[in-house]
Structure formats: C-alpha cells, structure tokens
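This report refers to the structure that appears directly beneath it.
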Amino acid sequence: MNSGVVAKAKRRGAEPSDRPALLLDWYDRHRRRLPWRPPAGERADPYRVWLSEIMLQQTGVKTVGPYFEKFLARWPDVAALGSASQDDVLRMWAGLGYYSRARNLHACAVAVLREHGGVFPDTEQGLRALPGIGPYTAAAIAAIAFDVRTMPVDGNIERVVSRLYAVEEPLPQAKPLIGELASTLLGPSRAGDEKSRAGDEKSRAGDSAQALMDLGSSICTPKKPACALCPLNEDCVARARGDQEAFPRKAPKKTGTLRRGAAFIVTRGEQLLVRTRVEKGLLGGMTEVPGSEWLAGQDDKTALKQAPVLKGVTRWHRKAGVVTHVFTHFPLELVIYTADVAARTRPPEGMRWVPIATLADEALPNVMRKAIAHGLGL
DNA sequence: TAAGCGTGGAA
DNA sequence: TTTCCAAGCTT
C-alpha cells in the first residue's frame, strides 16, 4: 500500500518520481464515492461496471446517477435485464440520450445471457465482441471489474495525458500516442504476467484508470485546472510551460445547419396520437408524435402537407411560437399544430392512441416531451 | 475515415 | 447568451 508519506518523499526528489504510485496514492485519499463503485478494496460487480460504463458514454456522472439507480432496482443483474423487452429498456432510458446505447445495452444483456451463460467475458477481446462495447468500454470493464492490466482512454485521460506530456498532435489522430503514454501510468504487474486477475498480486489497473478519470474530472479540468492540487504537477510539461488549457489539441468542430419541421399534436379526449420511429438512426425505436421531415430550409406550407390524415380534421391550429431543440449535429425548430378529434376516431396506419396521463412511461425523447408540452399548453 | 448520434450542466 | 463538452460506438 502506498502511503502519502512515501509518495511525498519521492516527490521531493530523493528518488525518481513514481507516477503510478503517486496516482494510486492520490486515488486512495480522494476517490469519489459513486453509485456503481463498491467500497474501497472491494471487488466490483461486472454487471454494474458495464451498466455504468454504457450510461457514462458521453454523459455526465450527475446525469447518470438516477438512471443507474432506476435500472439497478428494476433489473438487478444481467439475467433480469436480458429477460426484459427492448421497449421496456427504451422506456427506462428515455431522456438519457444516444438511444442506440439502450438498444445495444439490451442486445448485450441478451448475448451475455444466451451465449455466455449470464457471465461477462473477462478479457478485452471477449468484451469487445459484444454490442455497444468499443475499445474504451472493453478496456474499462476489463480493468475495473477483472483487474486486467490495461488502460482505458476516455476524454478525461486524453486531457490529463496530453497535458502531462504536452502532446502537440491533435485529436483524434493522437489517440494511439496518448494510449501508449497513458499505459505508462499503470502500476507494475507481477513479473511474467500479461495481466493480473483478482486474487493474484494486484496491478490495480482499474484503480489507476479511475484515478486518472477522477483527476481529470475534478482537478485537471478543461478550464482553469487546479494544478496546485494535482499529484502529478511536478511532472507536467504543459504546466511547466503555463499553457495547460491549450491541451488537448483538437480541431474546432463545425456546427450543424438549422433544420425545421412541424409536429402534430392530435388529441382524442384524454388521449394523444403517437407512432414509433424506425429502429435505426436518429431517436431510433423511440416514440414520437406524427410530424414532417426535419430539413434545412423546410417551409411551413410543405411541412403542413405532411400532417396525418384523420377523419374529421378540417383544419389545424397553429400554436404560437416554436419548439427549439439542439441535437449533437444540428439545431431544430419545430412548429406545433394541434387538432382534437371525435371519440372513436381511428388512428392512421402505424399510429396509436396513448393516454396523456401515462405519457411519462412512454419511450419519449426529450424533444418530443417539449413538443407535446407546447402543444398541450402545459 | 468521418459523420451520425441526445441531453443538460457549467463557465 | 453562447460555447463547450461528458467514463464513445457504429457504420
């Protein structure tokens, strides 16, 4: 066990700096308590590690917390999740975004259940073959849940490492280099072993990785990093030059073009007309109200022509204002039209009526919740 | 290889 | 307000 005293002695220069040890020592003192993390020293549950890692892809810790708790309460293990319907999973995921993650999460649980007897593979290669698990997530699960000596590289670690070494190459080209540099921050494994599993002499690979992530999220932040508190500050090349915030280098991202469309809020008493989006692509498999295409330069007249055909609807009421929403790659403006139809009016092909009172349980993405709220005057 | 894919929080 | 961006994956 690395004590703070030992670490500080090394930092004074009596010995060459031992970055892996400094890092683990810092982690032992500042480790965050998170819903998916077991108490210090206890073995992590692969199911929880996997579930949290999928939710955390491009999504903040604070946002994920409640969703993780909800999922764990309803589906406490991979067998339970693999036995659920995809639609139930999408409903629970609604609001978290990047819905292909939810579809892949379910597909992965099914695969683990049917092809691996309900037990997660304990190697990167085995994990990588599962839906929704890419290079980062495979390495993260292997290191955190199975103590495989590997270093997952996420956005936090890219930032920490690119600063530590002042990596001039821009992302994403610099990924391989950053991966190599990041791996030097892993502690030693037992001689001759490619990897150490729980029960063997520990490499603490998972702790090393989570130490870098915690460091990146709390100290080595994108703006105004708290370098004075960083256990690696004496070794940091960017800090020595005073331009920490300039790393990682990356090309500026282009902003998408505004798209416009119409959404049709059709009520039948206390029910609302909805349909399910196609499985693939934007908001795939999620519930939506009928609407026009979303196109750059879409004009209101063209959009209105794409209204659903319902018996008895002679005119649409246009609500004042527009609903705006920003996706990753484009902003959207929706014009909202409403209509109320007689009881027993049949839904158009592929659509259905749902009680407004139970909308909260539908697999509605947030953009649709906004549109419905606007249309219903909520 | 580059583009597609949500959302909300923070500065 | 605007901009950035958070434990990336898929095609």
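Just so we're on the same page: letters track the sequence lines, and every chain starts at 1.
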Sub-3.5 Å pairs of nitrogen or oxygen atoms, protein against nucleotides 7-10 of chain B:
residue	atom	partner	partner atom	Å
B/dT7	OP1	A/Tyr99	OH	2.9
B/dT7	OP1	A/Asn366	N	2.6
B/dT7	OP2	A/His325	NE2	2.5
B/dT7	O3'	A/Asn366	ND2	2.7
B/dG8	OP1	A/Asn366	ND2	2.2

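- If you look at A/Phe330 and A/Phe327, their ring centroids are closer than 6.0 Å.
- Across all strands, A/Arg37 comes closer than 4.0 Å to base atoms (heavy-atom distances).
- Going from the P atom of C/dC9 to that of B/dG8 covers 23 Å, rounded to whole Å.
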Do any N or O atoms of the protein come closer than 3.5 Å to N or O atoms of nucleotides 9-11 of chain C, and which pairs are they?
residue	atom	partner	partner atom	Å
C/dC9	OP1	A/Gly134	N	2.8
C/dC9	OP1	A/Gly134	O	3.3
C/dC9	OP1	A/Thr137	N	3.0
C/dC9	OP1	A/Thr137	OG1	2.8
C/dC9	OP2	A/Tyr136	N	3.4
C/dT10	OP1	A/Gly132	N	2.7

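- The residue A/Trp50 sits apart from the nucleic acid: no heavy atom pair falls under 4.0 Å.
- If you check residues 206-225 of chain A against DNA chain C, the residues with a heavy atom closer than 4.0 Å are A/Met213, A/Pro222, listed by number.
- Proximity of a side-chain donor or acceptor of A/Ser292 to a complementary backbone N or O of A/Ala262 within less than 3.5 Å is detected.
- Using a 4.0 Å heavy-atom distance criterion, A/Arg369 is classed as making no nucleic acid contact.
- Ring centroids of A/Phe264 and A/Trp316 are separated by less than 6.0 Å, placing the two rings close together.
- To the nearest whole angstrom, the two P atoms, one in B/dG6 and one in C/dT3, are 22 Å apart.
- For A/Gln173 and A/Gly281, each mapped to the nucleotide of DNA chain B holding its nearest heavy atom, the one lying further toward the 5' end belongs to A/Gln173.
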